[in-house]
Amino acid sequence: MNNGDELLVHHRPVGGSVKAEGLGDGCPMRERNHRQAALDAATRSNPQFETVLERIYVAPMPALADIEAVLRIEDPEEMQWLFDFAAAVRRQFVGDGVLLRGIIEFSNVCRNTCLYCGLNRDNCRLQRYRLTREQILASAETIRAAGIKSVVLQSGEEDDLDADWFRGIIEQIKSSLDLAVTLCVGERSRAEYQLWRMAGADRYLLKIETSDPDLYAQLHPGMSFANRRRCLRDLAELGYQTGSGDLVGLRGQTVTHLARDVQFFKEGNFDMISVGPFIPHPETPLAQESAGDLWMTLKMTALARIVSRNAHIPATTAIGSLHGRDERPRALAAGANVLMPNFTPAPYRRHYEIYPNKRCISEDTAACPACMEQMVAAIGRWVDYSRGDSY
Ligand code: SAM
Ligand code: FES
């Protein structure tokens with residue numbers, strides 16, 4: 001998506017296209033000043049740090065050592081420079097608006113046994129559900145009525161997902177509600193991806209979770225890293241706006257693994273990147289592990305912004321659920337530009353338990369837009385009710 005390797009501080013990066021896309025106020029001087037302010041703060045105290053961030057920003061493929069150096073910073077002031085740098089990139093490439101995507105978790109049935117996930121098929125304590133076509137369409141209507149123009153249809157990876165049934169739902173949402181449709185239903189065949197794309201699906205989310213093949217194999221019994229990559233390739237080839245992402249704090253994950261994830265994001269040129277902290281679920285083999293670190297998750301969010309420039313990056317619900325505090329505003333300040341309010345019908349919402357104590361389980365969906373507006377206004381941003389297509 002980014003098509004230049006200009007120095008953020010010295011040139012106007014892809015500035016013409018920013019203006020053409022109607023982002024920001026289009027004033028080159030003001031845009032330049034935003035970036036300069038962030039960089040000046042860094043320069044004043046630590047020119048080396050600025051150099052590393054700028055190298056990461058301009059490099060066609062940032063060096064592992066540079067990314068690792070940034071991931072290892074712990075000094076609060078240095079972290080703030082990183083977040084400010086990412087915020088300056090975000091402001092320049094995607095503006096100050098925060099996009100809303102209404103998510104419908106239409107089934108928690110899953111054939112897989114990912115070691116971290118509460119939906120894994122071995123979790124016999126989870127009450128399984130699958131929404132009917134009518135329930136899904138009614139939830140999509142609620143999203144539309146809230147003024148949101150983008151829906152995410154998410155589920156566990158179901159063996160029994162009837163591709164044609166799903167196609168009919170996508171078609172109906174497109175024809176009657178005209179929402180941008182994002183799918184997040186895991187690894188499927190190219191033929192299924194094609195069927196749903198032809199039905200009008202616009203986007204697909206498939207997180208890589210970790211870009212390290214060995215770690216991936218340890219965490220995903222019976223699944224294959226190669227197939228995950230095949231899916232991502234197929235999706236891009238079929239013209240989906242494609243999203244990926246990772247989990248931070250997985251057992252066995254190192255800073256080098258995370259740095260490689262950042263390189264994976266750069267290489268994949270994704271339209272959307274989702275970074276979330278791992279949160280242990282009691283009914284999984286990782287129940288006794290510690291949760292992912294908030295600050296590492298925020299550093300990864302910032303780096304995802306810096307290397308992708310104009311990807312859509314959510315302040316994930318997992319960031320909002322970690323340790324019972326809503327830290328999504330921090331993610332928005334570190335480069336994120338999307339929020340994903342939950343429109344799963346209330347009785348089912350608590351059963352989509354990928355991790356415990358998920359945020360917004362009991363809230364009334366009607367209150368979601370106002371809640372999002374408030375959160376976003378508190379940090380001087382505004383809710384963008386457009387579809388939020390890829391740049
Ligand atoms: N089945 C689809 C797939 O595999 O892409 C979508 C559903 S999956 C449950 C959605 C996301 O939940 C995963 O990509 C993963 O990153 C996240 N997730 C699962 N377990 C988690 C946990 N314990 N903590 C944080 N995030 C988790
Ligand atoms: Fe369902 Fe991982 S446990 S996709």
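All ligand and atom numbering here is 1-based and tracks the order in the structure. If you read the sequence from its start, that first residue is 1, and numbering goes on from there.
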K.L.:
Taking both backbone and side-chain atoms into account, decide whether Cys114 has an N/O/S atom under 2.8 Å from atom 1 (Fe) of ligand 2.
P.N.:
no

K.L.:
Judging by distance only, is a nitrogen or oxygen of Tyr355 under 3.5 angstrom from one on ligand 1?
P.N.:
no

K.L.:
Side chain, backbone, both or neither: which part of Glu209 comes within less than 4.0 Å of ligand 1 when only heavy atoms are counted?
P.N.:
side chain

K.L.:
Does the protein place any heavy atom closer than 4.0 Å to atom 15 (C) of ligand 1?
P.N.:
yes

K.L.:
Let me confirm one number: the CZ-CD distance from Arg72 to Glu74, rounded to the nearest 0.5 Å.
P.N.:
10.0 Å

K.L.:
Indicate, with yes or no, if the rings of His312 and Phe270 have centres closer together than 6.0 Å.
P.N.:
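No, ring centres 6.0 Å or more apart.
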
K.L.:
Within 45 degrees of the ring normal and closer than 6.0 Å to the centroid, is that where the cationic atom of Arg305 sits relative to Phe83?
P.N.:
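Output no; distance or angle outside limits.
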
K.L.:
Pick from Val262, Val70, Ile273: which one makes a side-chain contact (heavy atoms from CB on, under 4.5 Å) with Met300?
P.N.:
Val262

K.L.:
Does the side chain of Asn120 pick up a donor-acceptor pair with the side chain of Thr113 at under 3.5 Å?
P.N.:
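There is no such pair (donor and acceptor under 3.5 Å, judged by atom type) between the side chains of Asn120 and Thr113.
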
K.L.:
Just need the protein heavy atom nearest to atom 2 (C) of ligand 1, so name the residue and atom and give the distance.
P.N.:
Ser155 O, 3.4 Å

K.L.:
Verify the distance criterion only: is there a donor paired with an acceptor across the side chains of Gln218 and Asp214 at less than 3.5 Å?
P.N.:
no

K.L.:
May I ask you to decide if the ring planes of Tyr116 and His220 are parallel, tilted or perpendicular, using 30° and 60° as cut-offs?
P.N.:
perpendicular

K.L.:
Return the closest protein heavy atom for atom 17 (C) of ligand 1 as residue, atom name and distance.
P.N.:
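Ranked first by proximity to atom 17 (C) of ligand 1 is Ile354 CD1, 4.2 Å.
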
K.L.:
Return yes when Cys184 approaches ligand 1 closer than 4.0 angstrom through a heavy atom, no otherwise.
P.N.:
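Yes, Cys184 has a heavy atom closer than 4.0 Å to ligand 1.
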
K.L.:
Checking side-chain polar atoms at under 3.5 Å, does Asp212 have a donor or acceptor matched by the opposite partner on Thr210?
P.N.:
no

K.L.:
Under 4.0 Å, heavy-atom basis, I'd like to know which part of Lys207 is in contact with ligand 1: side chain, backbone, both or neither.
P.N.:
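Answer for Lys207: side chain.
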
K.L.:
For ligand 1, which atoms sit closer than 4.0 Å to a heavy atom of Glu157?
P.N.:
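In order of number, 1 (N).
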
K.L.:
Do Ser244 and Phe264 come close enough that some side-chain heavy atom pair is under 4.5 Å?
P.N.:
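Result yes, sub-4.5 Å side-chain heavy-atom pair found.
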
K.L.:
Kindly identify the option in Cys110, Gly118, Pro221 whose heavy atom sits closest to atom 1 (Fe) of ligand 2.
P.N.:
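The nearest heavy atom belongs to Cys110.
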
K.L.:
Which ligand 1 atoms does Tyr116 reach within 4.0 Å, using its non-hydrogen atoms?
P.N.:
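Here the atoms of ligand 1 in question are 19 (C), 20 (N), 21 (C), 22 (C), 23 (N).
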
K.L.:
Should you measure from each heavy atom of Pro277, which atoms of ligand 1 turn up under 4.0 Å away?
P.N.:
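Near Pro277, meaning under 4.0 Å from one of its heavy atoms, ligand 1 has 24 (N), 25 (C).
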
K.L.:
For atom 8 (S) of ligand 1, what is the nearest protein heavy atom, given as residue, atom name and distance?
P.N.:
Tyr352 OH, 4.3 Å

K.L.:
What's the separation between atom CD in Gln194 and atom OG in Ser189, rounded to the nearest 0.5 Å?
P.N.:
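Gln194 CD to Ser189 OG: 9.5 Å, rounded to 0.5 Å.
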
K.L.:
Below 4.0 angstrom from a heavy atom of Gly156, which ligand 1 atoms are there? Numbered from 1 as shown, please.
P.N.:
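By the 4.0 Å cutoff, the relevant atoms are 1 (N).
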
K.L.:
Among all protein heavy atoms, pick out the one at the shortest distance from atom 27 (C) of ligand 1; state its residue, atom name and that distance to 0.1 Å.
P.N.:
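Nearest protein contact, heavy atoms only, for atom 27 (C) of ligand 1 is Leu247 CD2, 4.0 Å.
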
K.L.:
Geometry only, no angles: is Ile279 polar-contacting ligand 1 at N/O separations under 3.5 Å?
P.N.:
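Yes; at least one N/O pair falls below 3.5 Å.
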
K.L.:
Could you identify the single nearest non-hydrogen protein atom to atom 4 (O) of ligand 1 and state the distance to 0.1 Å?
P.N.:
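Checked against all protein heavy atoms, atom 4 (O) of ligand 1 sits closest to Arg228 NH2, 3.9 Å.
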
K.L.:
Which atoms from ligand 1 have a heavy atom of Cys117 less than 4.0 Å away?
P.N.:
9 (C), 19 (C), 20 (N)

K.L.:
For Arg125 and Glu353: C-alpha separation, side-chain torsions, deciding distance, then whether side chain to side chain contact (heavy atoms under 4.5 Å, CB included) applies.
P.N.:
CA-CA 11 Å; Arg125 294 189 169 211; Glu353 197 191 49; over 6 Å; no

